[in-house]
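Bear in mind that the values here come from a model prediction, so they are computed numbers and not experimental data. We count ligands from 1, going down the list as the structure has it; atoms in each ligand are counted the same way.
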Amino acid sequence: MKTLVTYFSQTGNTKKIAEAIYDEITGEKDIKEIKDVSNFEGYDLVFVGSPVMEFNIPQKVTNFISKNVAGKNMAFFMTHAAPEGFEAIHSWTGSIEDFAASGNYLGTFECQGELAQPVMEMLEKSDDPEMKGFAAMVAPGKGQPDEAHVQKARQFAKEIQAKAQ
Ligand SMILES: Cc1cc2nc3c(=O)[nH]c(=O)nc-3n(C[C@H](O)[C@H](O)[C@H](O)COP(=O)(O)O)c2cc1C
């Protein structure tokens, strides 16, 4: 069984989860940024990872999935600044299941990832009370993903690989 772990990561949080998944996977495996992957050919299982940006999964990630997933075992992992239980998390992960509908979708991992400091400062200085409110809500996520989330990601990798075999 050959596995690909591929991700988009601007500030390193999703990359950290990608590396945890990659470490846990057994057998032949590759880890690559999405920009370096042209298709899923030759892989029996693909993990795709992304941050949430501007209240959505970036379109380049959703396009990448829908273009390549047909007939493939795929799992998705995501980091976001929103705290655990934030309502939109389900709609973000749910949208991926739709984009991956032509493949064999095996599951999702999501966890909080610290919001980059410059973005945090911009939100804090904003005149928009909604933006200020979002900054206050995500501030406790500093230091995420932590070791506990990394361990959960490893567990997720094991479970997905077992499903794909
Ligand atoms: C420009 C920008 C927009 C973001 N928008 C959101 C958002 O709408 N909702 C959210 O929960 N997190 C948002 N985030 C936070 C990221 O999803 C989070 O910090 C993530 O862990 C970053 O992953 P990365 O380090 O792999 O890039 C945003 C971050 C940036 C830089």
Side-chain angles (χ1 to χ4, degrees), residues 3-25 29-38 40 45-69 74-100 105-157 160:
T3 303
L4 172 66
V5 180
T6 184
Y7 62 93
F8 168 55
S9 182
Q10 254 198 341
T11 62
N13 298 333
T14 313
K15 183 178 182 194
K16 189 173 178 182
I17 298 299
E19 287 170 347
I21 291 171
Y22 177 77
D23 280 352
E24 197 63 37
I25 291 296
K29 56 186 178 178
D30 288 324
I31 183 166
K32 290 180 183 178
E33 288 188 53
I34 285 177
K35 67 175 174 56
D36 298 327
V37 174
S38 45
F40 293 175
L45 169 62
V46 181
F47 290 83
V48 180
S50 174
V52 171
M53 294 179 86
E54 287 154 20
F55 298 98
N56 253 313
I57 312 288
Q59 206 180 359
K60 66 175 174 184
V61 176
T62 56
N63 284 348
F64 174 75
I65 291 170
S66 38
K67 194 176 126 217
N68 293 303
V69 74
M74 195 207 106
F76 182 67
F77 57 102
M78 170 182 96
T79 68
H80 49 81
E84 207 173 309
F86 187 71
E87 219 184 327
I89 292 171
H90 293 294
S91 64
W92 294 328
T93 55
S95 74
I96 292 299
E97 291 182 36
D98 294 339
F99 284 109
Y105 193 75
L106 297 175
T108 307
F109 174 85
E110 53 80 18
C111 73
Q112 204 173 12
E114 175 176 343
L115 183 64
Q117 202 52 37
V119 184
M120 181 64 105
E121 281 168 17
M122 193 186 73
L123 295 179
E124 282 169 346
K125 284 184 195 146
S126 165
D127 293 331
D128 181 346
E130 238 181 279
M131 291 296 131
K132 269 194 165 46
F134 189 75
M137 183 181 74
V138 306
K142 205 166 169 53
Q144 295 290 356
D146 63 5
E147 189 49 32
H149 280 129
V150 165
Q151 288 308 324
K152 280 188 187 160
R154 287 176 174 274
Q155 186 59 32
F156 167 75
I160 295 294

Contact set, ligand 1, heavy-atom distance under 4.0 Å, ordered by chain/number, equals Ser9, Gln10, Thr11, Gly12, Asn13, Thr14, Pro51, Val52, Met53, Glu54, Phe55, Thr79, His80, Ala81, Ala82, Trp92, Gly113, Glu114, Leu115, Val119, Phe134
Considering residues at least two apart in sequence or located in another chain, which fulfil the ring pair (Phe, Tyr, Trp, His ring centres under 6.0 Å) criterion with Phe64? Phe40
Not counting sequence neighbours, which residues clear salt bridge (Lys or Arg N to Asp or Glu O under 4.0 Å) with Asp23? List them please. Arg154
Residue among Asn63, Thr62, Val61 satisfying side-chain contact (heavy atoms from CB on, under 4.5 Å) with Ile65: Val61
Return a table of donor-acceptor pairs under 3.5 angstrom between the side chains of residues 133-145 and protein atoms on other chains or two or more places apart.
residue: Lys142; atom: NZ; partner: Glu114; partner atom: OE2; Å: 3.4
residue: Gln144; atom: OE1; partner: Asp146; partner atom: N; Å: 2.9
residue: Gln144; atom: OE1; partner: His149; partner atom: ND1; Å: 2.8

Heavy-atom nearest pair, Val150 first then Ala20, reads CG1-CB, 3.8 Å
For Lys132, I'd like to know if atom NZ has over 12 heavy atoms of other residues, nucleotides or ligands within 6.0 Å. yes
